[in-house]
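Working notes, beginning with the structure itself.
Computed from a predicted model, the values in this text were never measured in an experiment.
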Amino acid sequence: MNYQDMSDFEINKAVAIAIGYSPEMCEQGWEGSSKVGVEWENESGYPSRWFDYCNSWADTGPILEESGITIIMDHPSMPLATNNCVGWYSDEEKPLHHANENPRRAGLVVFLMMKGGE
């Protein structure tokens, strides 16, 4: 899976599905938005609950913390996310990692890789 080609919305939707939201319920909050709606109001048709994992530390932080993902700010313009910092400095298990100018997105890509993506 090429995460570089995915939009923020596509990453957000993949994360929502990976943490257990129904794929049928994960839709774009409104046209052009990166937010993913996960619960919808029947009367209005608008999302009553949505997330913007790629752009909100409040949405992303708990996922990264629970998954043991670390953001390394070794180079300010290209933060790196990894699931195994020790692996960088030893011959232990090779870490999953992803770099992106958006540290939240980098962490989410590692999360998706941990869930089975390549």
Cluster link Tyr53 to Trp50, ILVMFWY, side chain under 4.5 Å: no
Evaluation steps, side chain to side chain contact (heavy atoms under 4.5 Å, CB included), between Ser67 and Met114: CA-CA 9 Å; Ser67 301; Met114 291 170 66; 4.2 Å; yes
Heavy-atom side-chain proximity of Met6 to Arg105 below 4.5 angstrom: yes
Nearest atoms (heavy-atom pairs only) where Ala81 meets Val110: O-CG2, 3.4 Å
Heavy-atom closest contact (Val36 atom, Cys26 atom, distance): CG2-CB, 3.8 Å
Contacts of type side-chain hydrogen bond (donor to acceptor under 3.5 Å, both in side chains), residue Asp52, not counting sequence neighbours: Asn12, Ser34, Asn55
Separation of Lys13 NZ from Glu27 CD (nearest 0.5 Å): 4.5 Å
Sole candidate of Ile11, Asp59, Asn100, Asp8 that passes side chain to side chain contact (heavy atoms under 4.5 Å, CB included) when paired with Leu108: Ile11
Validation row: Phe51, Lys35 side chains within 4.5 angstrom (heavy atoms): no
In one Ile/Leu/Val/Met/Phe/Trp/Tyr side-chain cluster, 4.5 Å: Phe9, Tyr46: no
Main-chain N/O of Thr70 paired to Thr82 side chain as donor or acceptor, under 3.5 Å: no
Common cluster, Leu80/Met78, ILVMFWY with side-chain heavy-atom separation under 4.5 Å: no
Separation of Cys54 SG from Arg104 CZ (nearest 0.5 Å): 8.5 Å
All side-chain hydrogen bond (donor to acceptor under 3.5 Å, both in side chains) counterparts of Glu41, not counting sequence neighbours: Ser44
Donor-acceptor contact below 3.5 Å, side chain Glu10 vs main chain Ser7: yes
Minimum side-chain heavy-atom gap Met73-Pro79 below 4.5 Å: yes
Flag if over 12 foreign heavy atoms under 6.0 Å of CD, Glu65: no
Gap separating the CD1 atom of Ile69 from the CG atom of Asn84, nearest 0.5 angstrom: 11.5 Å
same_hphob_cluster(Met113, Leu64) at 4.5 Å side-chain heavy-atom cutoff: yes
Hey, can you pull the donor-acceptor pairs under 3.5 Å for the side chains in residues 15-22, sequence neighbours left out?
from	atom 1	to	atom 2	distance (Å)
Tyr21	OH	Arg49	NH1	3.3
Ser22	OG	Glu24	N	3.4
Ser22	OG	Glu24	OE1	2.6

